[in-house]
2 protein chains.
Amino acid sequence: MLVRTATTSEPRPAGHTALGTESMFGSVELVGASIPFARGEEIYGEAEPADYLYKVIKGSVRAYKVLHDGRRQICAFYLPGDIFGFEAGEEHSFSAEAIAPSTILLVKRNAVTALATKDPAIARQLWTVTTAELQKMQDHVMLLIKNAQERVVSFLLQMAQHGPGADEIELPMSRQDIADYLGLTIETVSRTLTQLETRATIALPTSRRIVLRDRSLLDRLNS
Amino acid sequence: MLVRTATTSEPRPAGHTALGTESMFGSVELVGASIPFARGEEIYGEAEPADYLYKVIKGSVRAYKVLHDGRRQICAFYLPGDIFGFEAGEEHSFSAEAIAPSTILLVKRNAVTALATKDPAIARQLWTVTTAELQKMQDHVMLLIKNAQERVVSFLLQMAQHGPGADEIELPMSRQDIADYLGLTIETVSRTLTQLETRATIALPTSRRIVLRDRSLLDRLNS
DNA sequence: CGACCATTTGATATGGATCAAGCGATGTGG
DNA sequence: CCACATCGCTTGATCCATATCAAATGGTCG
């Protein structure tokens, strides 16, 4: 899910005219508040009014829903540069929490949409970010029909695309978070990772740090 | 997934100012071609240029992706009134086929987006339809973490919201299509349906026609 | 009627869940 | 500085929901 956003903080090739989200959230009319959140703190809850759009400046965020019986599904992780909080209606359809100590930039949704009606460039950016989100959701659906190993590998490759270090991943989330994102149990995630380590496909220096040892094999396992 | 679109052909209450998709696809500048498709015929394929937006006039459509090994995941069904073909990039990220003989209205995507930059109302509609699509995808993700019975029940209730007959559903798609949408096998779908019938929760006059006998129980099973 | 295809039903296998225990890192108080 | 509690993770044993394999049934069209 973290794959295709065009909103990383990586340098852009010169001459690339990409309508990054910089202008949307960087617009003088729109500067919002940069607010710190503690680990585990709620940013917004399901069914709360969706008055803001959010951008991760530092840290990471999980967006999730809880079923009646307590099962939790994490719909997305948002890392620095990602924008979230888009909603169909006037209310949030899921909750969002900081995974680690995070800084989040808040911008009034009204302000953005109002500006979008005047400035086609802003409108176009909103569209781009939203369809990218749609794409990520579709990818998530495809992920959920795969088997456990494929899910874990897909997840690792997604995470690898975000960080700057190509083959080394620093996970901001717990095994439980990964499990709830992949639709697996914590035990299955753990077992799958040790299995990959045993086969020397990855290395686990610590539980939160993963080194991709055999990228081509991982790509193959990813389908 | 078929739940929350505001684009059914049902009569709207008088005085309701909903920006239906009527104006978007009905705009004089935008009238496109109404094209007939045979059962099983491809409307567009994955990775083809996404030059059009589509609206189902008659019939039904399945949008799907196929994994390397042949597993097919149906991402969405589109019924009369539904609009589809939104994409993040310049290419379709999945394929679309007519399930039954269908009439599809095609409109140049360029024309719509160009018009959207001039007409905020059109832009707003595009936004609404896209976030509704996003919502449906999220619902689909939540569906895929449920057990077989819950998935089938969710599906039936979704389908029931579309048709005018509250408790009687005419399915346009095969068991295989349902299975590929729910991430189950055809056998599991069939067994679950017979099980619901045995318990008098539904009736199956024919395999394509389903009567919801105990709506409150179904609602409870849906979570 | 007979061929074909979709659906249902039955028997068995299996991947991942569940239940349960062990382990390692981190932190706290004596 | 060291017992000891805590928490997140890993590992093991068993169970179960759904997949898989296989066959029977039923509906449709020539």
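Keep in mind that this is a model prediction, so the values were computed, not measured.
Atom pair Q195(B):CD and dT7(C):P shows a separation of 19 Å (rounding to whole Å applied). The distance from atom CE of M173(A) to atom P of dC9(D) is 11 Å, rounded to the nearest whole Å. One interatomic measurement links the two molecules: NZ of K146(B) to C1' of dA17(D), which rounds to 17 Å at whole-angstrom precision. Rounded to a whole Å, the CZ atom of R175(B) is 9 Å from the C1' atom of dT8(C). Note: CZ (R71(A)) to C1' (dA17(C)) measures 12 Å, nearest angstrom. Here dG16(C) presents its P atom at 17 Å from CD1 of I145(B), a figure rounded to the nearest Å. Rounded to whole Å, the distance from CG on L193(B) to P on dT18(D) is 14 Å. Atom CD of E150(B) is separated from atom C1' of dT18(D) by 14 Å (rounded to the nearest Å).
OP1 or OP2 of dT11(D) sits under 4.0 Å from a side-chain N or O of T194(A).
The pair D180(A)-R175(A) does not meet the salt-bridge criterion, since no charged nitrogen lies less than 4.0 angstrom from a carboxylate oxygen. Salt bridge annotation for R209(B)-E168(B): present, with a cationic side-chain nitrogen under 4.0 angstrom from a carboxylate oxygen.
The side chain of T185(B) lies closest to dA19(D), out of dT11(D), dA19(D), dA17(C). Listed nucleotides: dT7(C), dA22(D), dT11(D). Nearest to the side chain of I186(B): dT7(C). Closest approach to the T188(B) side chain among dT7(C), dT8(C), dT18(D) is made by dT18(D) (side chain taken as heavy atoms from C-beta onward).
Residue order along DNA chain C, read from the 5' end via each residue's closest nucleotide, puts S207(B) first among S207(B) and L184(A).
Taking the six-membered ring where the residue is Trp, the centroids of F84(A) and Y54(A) are separated by under 6.0 Å.
Backbone-only engagement by R208(B) is indicated by non-hydrogen atom pairs under 4.0 Å involving sugar-phosphate atoms exclusively. In this structure, S174(A) reaches the sugar-phosphate backbone alone: every heavy-atom distance under 4.0 Å involves primed, P, OP1 or OP2 atoms, never a base.
The number of heavy-atom neighbours closer than 6.0 Å to CZ of R39(A), taken from other residues, nucleotides and ligands shown, is 12 or below.
Taking CG of L196(A) as the start and CG of L221(A) as the end, the distance is 7.0 Å to the nearest 0.5 Å.
Judged by distance alone, with hydrogens and angles left aside, E187(B) brings a side-chain donor or acceptor within reach of the base of dC21(D), the pair sitting under 3.5 Å. Side-chain atoms of R191(A) and base atoms of dT18(C) include a donor and an acceptor less than 3.5 Å apart.
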